[in-house]
Amino acid sequence: MSDRISSDPTGAGDQWGSQAGFILATVGSAAGVGNVWRFSYVAGENGGGAFLVLYVLSVLLIGLPIIIAETAIGRALRHDHAPATRRLPKLRHWQFFRVLSVLSALAILSFYAVIAGWALRYLIGAVDGSLLRIASTGHGEFFARFIADPVEPVIWHAAMMAATVFIVIRGVQRGIETANRILLPALFAAVALLAVYGVTQDGAGAGLRFLFQPDWTVLGQPRVYLAAMGQAFFSLGVGMAIFVTFGGYMPQRQSVPVAALAIVAGDTLVAVLAGIAIFTTVFAYGTDPTAGPQLAFITLPHIFVALPGGRVLAVLFFALLVAGALTSMISLLEVPVAWCVQYTPWRRRQAALALGVLIFVLGLPSALGFGLLADIRWHGRGILDSVDFVASNFLLPLGGLLLLTIVGWRWGRAPATAAANLDGNRAAAPWYILIRWITPLLVLVILARGFLNG
Ligand code: TRP
């Protein structure tokens, strides 16, 4: 086993083409539909400013330590032949973690691709103007009819999967790195423009106060803490071997903690800018910030119709969603593809095509879960929400916990700290305490919440 691990995991000599490659790809994987659609509605439902404070704390106490641990072990396994790392792949936990991460990737991508398809449909509608011609009160009905259609969502879902497969087939450098080099600056530009527009509107102050002025009374509600931790997990995409896989393509000379800080800063920036854009607009128009998942697909289009320049804003907003979705989908597909190339005789092209088709088929129930299959419900949730719930509340936290066990309790302090480039660094001791004790405890809380709410 250790021979296969230390051999090239992608079979194609894959490595990032530049120093920025790892950061580009991991920020691309982190910044997605979760930052725009999920962050805004979860923040809206959980009190805004106080939620933001808890979210940033969760990113620093849960996200950052796990990202450092994942990246360190991913790169060490790829480059290092020292006995300390050769022992690791033989641990049963490690194989279990890898298999779990492949299952999480398949599950998340199957429903994520459906939402990405909706965003693509809305982008086309914004570009050709049809979205803006719907009567401003008709957006709820339009969205409900669209997602219940037996054919349309499936077509858009297929289109997003096809684009993802196309990019992943082209490989780490020519596919993933190049796509992020184009899509990520576009994403940052779109969200920054929307945020600037948002703050210049009359009445923007209320939205900014909602997002930045904490109302500490909501801290009395446990669900706000849990929502913040769960959102940090999902938004950063930790616990799923993304950073293990991408860390494997990272050159030795790059610093793990510096890269990890850049990733969490980039991801948080996108979420905060999207929050500014969305809440200034929602408050300026006197609509409800606690609208829930429909905030992006119903509340905002409804406002865009009424705004001067609304069509440009709608194009920017849905382009932002589509670009974010695509960069995250690439990463979600790369995890099982890299695993197949490493452990099966398949090459990248075969693996990407076969997995792409498999994930598309797995996503069909989610795509049809609002129409043909709307009667299938589990604990009050439809199919898409159920898959999201199981993946985000069980599979990802479980993956995170396993990884922390391996790095914090099995690997040993010296090799782990060295692999994380924290040797002789003042941050080494706090990081090690976090990954051994504090982060796993917080993750256990997320898991327990999942069981209790299930
Ligand atoms: N982080 C992505 C987003 O915010 C979604 C996501 C969840 C993800 N888990 C992941 C992406 C794992 C890549 C890998 O939209």
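Order of listing sets the numbers, starting from 1, for every ligand and every atom in it. Since this is a predicted model, take the numbers as computed values, not measurements. Position 1 is the first residue of the sequence; numbering continues from there.
- Of the possible donor and acceptor atoms, none in the side chain of Ser235 sits under 3.5 Å from a partner among the backbone N and O of Asn35.
- Looking at Tyr112 next to ligand 1, an N or O pair under 3.5 Å apart turns up.
- Side-chain atoms of Glu177 never come within 3.5 Å of backbone atoms of Ala25 as a donor-acceptor pair (strictly under, hydrogens ignored).
- Nearest to atom 10 (C) of ligand 1 by heavy-atom distance, out of Gly237, Ala105, Ala107, Ser328, is Gly237.
- Those atoms of ligand 1 with a heavy atom of Ala30 less than 4.0 angstrom away are 1 (N), 2 (C), 3 (C), 4 (O).
- One option in Phe234, Phe246, Trp37 has a heavy atom closer to atom 5 (C) of ligand 1 than any other, and that option is Phe234.
- In summary, the atoms of ligand 1 found under 4.0 Å from a heavy atom of Gly34, numbered by their order in the structure, are 3 (C), 4 (O), 15 (O).
- Residue contacts with ligand 1: Leu396 is placed with no nitrogen or oxygen under 3.5 Å of a nitrogen or oxygen of the ligand (distance criterion only).
- Atoms of ligand 1 found under 4.0 Å from any heavy atom of Ile242, numbered from 1 in the order shown, are 12 (C), 13 (C), 14 (C).
- Shown in contact with Ile108 at under 4.0 Å from a heavy atom are these atoms of ligand 1, numbered in order with element: 9 (N).
- With a 4.0 Å heavy-atom cut-off, ligand 1 is reached by no atom of Val335.
- Shown are Val238, Ile73, Leu100; of these, the side-chain contact (heavy atoms from CB on, under 4.5 Å) with Leu403 is made only by Ile73.
- Checked against a 6.0 Å centroid threshold, the rings of Tyr55 and Phe39 count as neighbours.
- Atoms of ligand 1 lying under 4.0 Å from at least one heavy atom of Met240, given by number and element, are 12 (C), 14 (C).
- The heavy atom nearest to atom 1 (N) of ligand 1, out of those in Ser104, Gly32, Ser101, Ser235, is found in Ser235.
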